[in-house]
Number of protein chains: 2
Amino acid sequence: MERGEGVKLSTKGRYGVRAMFDLAQHMGEGPVSLKSISERQGISEHYLEQLIAGLRKAGLVKSVRGAQGGYLLGREPDKIKVGDIIRVLEGPIAPTECVSEEDPECCTKAEYCITRTIWERVRDSIAEVLDSITLETMLEDAQKLESERSLYMYYI
Amino acid sequence: MERGEGVKLSTKGRYGVRAMFDLAQHMGEGPVSLKSISERQGISEHYLEQLIAGLRKAGLVKSVRGAQGGYLLGREPDKIKVGDIIRVLEGPIAPTECVSEEDPECCTKAEYCITRTIWERVRDSIAEVLDSITLETMLEDAQKLESERSLYMYYI
DNA sequence: CGGATATCTTATTAAAATAGTCGGGATTTG
DNA sequence: CAAATCCCGACTATTTTAATAAGATATCCG
């Protein structure tokens with residue numbers, strides 16, 4: 001029985017966040033094609049297509065078909081939380097099924113179950129982090145990082 | 001592409017925590033057999049055997065072979081964190097590989113990577129919750145729950 | 001209009017992980 | 001010795017993951 005890495009996100013969520021951040025970074029430049037995202041981010045274009053289909057259905061991105069078409073953010077970057085993206089691509093945040101964010105069908109022994117409270121606390125702490133970060137705050141972080149780096153240049 | 005439930009723990013971790021808690025609840029009664037744990041917890045005995053083998057190698061449980069043998073906690077319940085159990089059974093806590101708790105081989109663009117900081121924060125918040133709970137605190141919680149329930153009995 | 005560029009949709013697939021199952025060997029107790 | 005129990009390695013079915021592929025539909029531009 002091989003041991004993996006615990007409490008994992010799949011590539012869906014990671015790729016999805018990167019793609020959405022990419023869209024945020026290219027706002028105002030018109031529709032961004034899947035091809036350009038996949039090239040910049042090093043993600044398979046066809047695979048990304050599947051992921052973005054879900055994001056579109058959820059309204060997180062808008063699409064423009066045809067030549068010179070592509071994708072745009074579905075709403076302002078400060079209105080898109082990382083948690084929103086993760087929930088669309090990976091489903092409700094839930095370290096175990098019995099504490100799913102959305103599914104009310106729970107184990108019958110909920111009241112007596114001590115371990116359940118642990119998974120609830122894990123779920124809430126994950127949700128809190130993911131919902132505290134928006135594409136807007138990510139853009140700000142990137143900005144900050146960039147200005148720090150150019151500042152550093154003077155000392156070399 | 002079907003959507004599962006995001007940021008999941010496997011049964012390994014959940015079963016492991018339940019088994020360890022079961023051992024904590026039966027401390028002082030001598031070795032606890034795998035069979036009795038699997039019956040009380042409703043977990044396949046053979047499967048549990050695999051999990052507990054890992055826990056034994058990590059020193060979280062001690063085993064007593066032969067008839068009337070079984071398992072005992074490897075150390076005092078206040079010295080066993082839920083995070084310890086999860087790490088043994090599911091590997092280092094890491095929502096993505098690039099922020100593994102133990103693996104220093106990281107993506108080359110670590111400094112510039114904005115999404116990376118998100119996964120680090122998720123990782124740290126999960127670890128903080130799991131490391132704040134010990135078998136001892138779980139026993140206390142169970143105790144509290146029990147006394148609340150018996151108190152409630154007076155009003156019926 | 002017609003071709004190039006893109007998105008949209010459905011189906012298939014290879015590899016890995018998950019969640020077990022099975023059989024037999026070693027050790028201890030009564 | 002027999003029963004209980006842990007110990008160990010191999011096997012397997014199912015699901016999930018991460019793509020891949022093929023073709024239909026829509027739009028822009030010359």
Side-chain angles (χ1 to χ4, degrees), chain A residues 1-16 18-19 23 26 29-39 41-58 61-72 74 86 89-91 94-97, chain B residues 1-16 18-19 23 29-39 41-58 60-72 74 86 89-91 94-97:
Chain A
M1 195 193 48
E2 256 323 294
R3 202 190 59 161
E5 302 249 339
V7 204
K8 262 249 198 57
L9 229 59
S10 71
T11 55
K12 284 178 211 165
R14 290 189 282 134
Y15 288 0
R18 277 163 61 191
L23 285 182
H26 293 87
E29 302 173 16
V32 180
S33 77
L34 212 49
K35 197 181 173 199
S36 69
I37 301 176
S38 79
E39 274 168 7
Q41 301 295 329
I43 302 172
S44 149
E45 190 180 340
H46 280 294
Y47 187 46
L48 198 52
E49 203 166 31
Q50 290 176 50
L51 304 185
I52 216 157
L55 296 170
R56 186 175 51 80
K57 276 163 201 157
V61 303
K62 285 181 292 200
S63 65
V64 178
R65 298 183 68 162
Q68 270 65 56
Y71 294 93
L72 302 161
I86 297 296
L89 295 172
E90 309 240 10
T96 70
E97 258 155 66
Chain B
M1 193 194 47
E2 257 321 293
R3 200 190 59 163
E5 303 249 339
V7 205
K8 264 249 197 54
L9 227 59
S10 72
T11 55
K12 285 178 211 164
R14 290 189 281 132
Y15 289 179
R18 278 162 61 192
L23 284 182
E29 301 173 19
V32 180
S33 76
L34 211 49
K35 199 180 172 200
S36 69
I37 302 176
S38 79
E39 274 168 7
Q41 301 294 330
I43 302 171
S44 150
E45 191 181 338
H46 279 293
Y47 188 44
L48 197 52
E49 201 166 30
Q50 289 178 54
L51 304 185
I52 217 156
L55 295 170
R56 185 175 53 80
K57 276 165 200 156
L60 295 183
V61 302
K62 284 181 293 199
S63 65
V64 179
R65 298 183 70 165
Q68 271 63 58
Y71 295 93
L72 303 161
I86 298 295
L89 295 172
E90 310 238 12
T96 69
E97 258 155 67

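Letters A, B, ... are given to chains in the order of the sequence lines, protein chains preceding strands, and every chain is numbered from 1.
In terms of the side-chain hydrogen bond (donor to acceptor under 3.5 Å, both in side chains) criterion, residue partners of B:Ser10 (sequence neighbours excluded) are, by chain and number, B:Glu90. Scanning for side-chain contact (heavy atoms from CB on, under 4.5 Å) contacts around A:Glu45 gives A:Leu34, A:Lys35, A:Ser38, with sequence neighbours left out. For A:Tyr15, the ring-ring contact (aromatic ring centres under 6.0 Å, His included) partners are A:Tyr47, not counting sequence neighbours.
You'll find the side chain of B:Leu72 stays beyond 4.5 Å of the side chain of B:Leu23, heavy atoms only. At least one side-chain heavy atom of B:Leu9 sits less than 4.5 Å from a side-chain heavy atom of B:Ile86.
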Could you go through the side-chain contact (heavy atoms from CB on, under 4.5 Å) check for B:Ile43 and B:Ile37 one step at a time?
CA-CA 8 Å; B:Ile43 302 171; B:Ile37 302 176; 5.9 Å; no

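We find the CZ-OG distance between B:Arg56 and B:Ser63 to be 5.0 Å, quoted to the nearest 0.5 Å. Summarising the geometry, atom CG belonging to A:Leu89 is positioned 6.0 Å from atom CG belonging to A:Leu51; distances are rounded to the nearest 0.5 Å. Distance check, rounded to the nearest 0.5 Å: CG of B:Leu60 to OH of B:Tyr71 gives 13.5 Å. Interatomic distance, OG1 of A:Thr11 versus CZ of A:Arg18, reported as 10.0 Å (0.5 Å rounding). The distance from the CD atom of A:Glu39 to the OG atom of A:Ser33 is 7.5 Å, given to the nearest 0.5 Å.
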Distances for protein N or O near nucleotides 13-17 of chain C N or O, under 3.5 Å:
none

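Across the protein-nucleic acid pair, B:Arg14 atom CZ and C:dT18 atom P stand 12 Å apart, rounded to whole Å. Residue B:Ile43 contributes atom CD1, which lies 12 Å from atom C1' of C:dA19 at whole-angstrom precision. When rounded to the nearest whole Å, the span between OH of B:Tyr47 and P of C:dC22 equals 16 Å. The interatomic distance linking A:Glu39 (CD) with C:dA6 (C1') rounds to 14 Å, in whole Å. Put simply, CG on A:Leu48 is 15 Å from P on C:dA6, counting in whole angstrom units.
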Its contact letters, B for base, S for sugar-phosphate only and - for none at protein heavy atoms under 4.0 Å, make nucleotides 2-15 of chain D read --BBBBB-------

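Rotation axes derived from the C1' atoms of the five outermost pairs at either end of the helix from C:dC1-D:dG30 to C:dG30-D:dC1 lie 10° apart, to the nearest 10°.
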